[in-house]
Amino acid sequence: MDVAYENGAALVRTGCFEPRHIFENGQAFRFFPCGANAYEGVAHGRYLRVEKVPEGARLYPCTQQDFERVWKRYFDLERDYAALFSDCGDSVLKQGMQYGCGLRLLNQEPFETLISFIVSANNHVKRIRGILRRICALYGEPFSFEGKTWHRFPAPAILAGLSEEALGECGSGYRAPYIKGAARMAAEGFSLEALRGMGYADAKKELQRLPGVGPKVADCVLLFSLGFYDAFPADVWVRRVLREQYGFTGNDRQIYEFARKRFGPYAGIAQQYLFFWKRENSKS
DNA sequence: GCCCAGGATCACC
DNA sequence: GGTGATCCTGGG
């Protein structure tokens, strides 16, 4: 991976970068298409436009300092995805990796990820996007970039201070008290960052102390924001893949064990590619 | 108008 | 320890 800077943008030379695969696979909900092969949105408190170009990816605006401090890690650009499972001998996974080529796992802000996946419970991507958009538009700090107004994700204390009615009006439904409760715990000292130093099992157990956080949501937060690449979020789609492609019929508790044994320490990355493949091939 | 998809929680065994 | 009813709402 090598990077050139021009006209306020970073040009990242990489063969593995497909904006649609990155932003349409249910890991992030606040980036939207803007033209061919491009997405724009707010992450880590800044606006970013991401475009696929012949050399790889173009990030704008992005100085060398922005890249080194924020976006390199956000897009997990130092990892060679093509090499991850190249000698695993699993034809299903290999096919999935090929199909989803260019999908990268984002390193998102832990609190935004936590709230996003509490909202995701028993919910669909389209509605999740709408709920988060309204929450940010109403309660996130606004800033302007090139004449347009954008919103940062609200801080824990802001969401903790809202009424359940106010959160309900954003469309969160019965999840409103979960959002408020989890935000309050985060505001009052529950440290998501501190989970980085724990083992997977302890970190997951700790996360599940938060209201609205069960096994699936905990795995999503660990995988999408805290660098636990062995976390294996077991949603209905991945369960379908495991059943149909691997003949796995175990219960929820056995899924993680199966995934870890089958896919290794990067099981979570395998999960994303299998999920993407299954979703894309189930659209009617 | 009806029914479905989608995880966490709670009551219950 | 596991099972099943319930929660909300956009979209078919």
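Every chain is numbered from 1, with letters handed out A, B, ... down the list of sequences. Note that these values count all heavy atoms, side chains included, but never hydrogens, waters or copies made by symmetry.
- Put simply, CZ on A:Arg253 is 9 Å from C1' on C:dG2, counting in whole angstrom units.
- Within 6.0 Å of atom CD in A:Glu257, 12 or fewer heavy atoms from other residues, nucleotides or ligands are found, so the atom counts as exposed in its surroundings.
- Phosphate proximity of B:dG6 to A:Trp237: present, with a side-chain N or O under 4.0 Å from OP1 or OP2.
- Heavy atoms of A:Arg240 sit under 4.0 angstrom from primed sugar atoms or phosphate atoms, though from no base atom.
- Between the CZ atom of A:Phe117 and the P atom of B:dA8 there is a distance of 11 Å, given to the nearest Å.
- Heavy-atom distances to DNA chain C give each of A:Arg134 and A:Asn122 a nearest nucleotide, and the one nearer the 5′ end belongs to A:Asn122.
- Taking a cutoff of 4.0 Å between a charged side-chain nitrogen and a carboxylate oxygen, A:Arg30 and A:Glu40 do not qualify as a salt bridge.
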Q: Please report the C-alpha distance between A:Tyr273 and A:Phe85 in whole Å, then the side-chain angles of each, then the deciding distance to 0.1 Å, and finally whether the ring-ring contact (aromatic ring centres under 6.0 Å, His included) criterion is met.
A: CA-CA 11 Å; A:Tyr273 278 83; A:Phe85 300 102; 7.9 Å; no

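- Atom CG of A:Asp219 is separated from atom C1' of B:dA8 by 14 Å (rounded to the nearest Å).
- In this structure, A:Lys216 does not reach the B:dA8 phosphate: none of its side-chain N or O atoms is under 4.0 Å from OP1 or OP2.
- Ring-plane geometry between A:Tyr74 and A:Trp71 is classed as perpendicular, the angle between the planes exceeding 60 degrees on a 0 to 90 degree scale with a lower cut at 30.
- Note: A:Trp150 and A:Tyr47 have tilted aromatic rings, judged against thresholds of 30 and 60 degrees for the angle between ring planes.
- In this entry the distance linking CZ of A:Arg133 with P of C:dG10 reads 11 Å, nearest Å.
- Distance, A:Leu114 CG to B:dG7 P: 16 Å, rounded to whole Å.
- In the set B:dA8, B:dG6, C:dG11, the nucleotide with an atom closest to the side chain of A:Arg127 is B:dG6.
- With centroids closer than 5.5 Å and planes inclined by less than 30 degrees as the test, A:His124 and the base of B:dA5 pass as a stacked pair.
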Q.
Is there a ring-ring contact (aromatic ring centres under 6.0 Å, His included) between A:Phe117 and A:Phe224? Walk through the geometry before answering.
A. CA-CA 10 Å; A:Phe117 284 91; A:Phe224 300 138; 5.4 Å; yes

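- The residues A:Arg13 and A:Asp2 are annotated as salt-bridged, a charged nitrogen and a carboxylate oxygen being separated by less than 4.0 angstrom.
- For the contact set between residues 168-180 of chain A and DNA chain B, defined by any heavy atom under 4.0 Å, the members are A:Tyr174, A:Tyr178.
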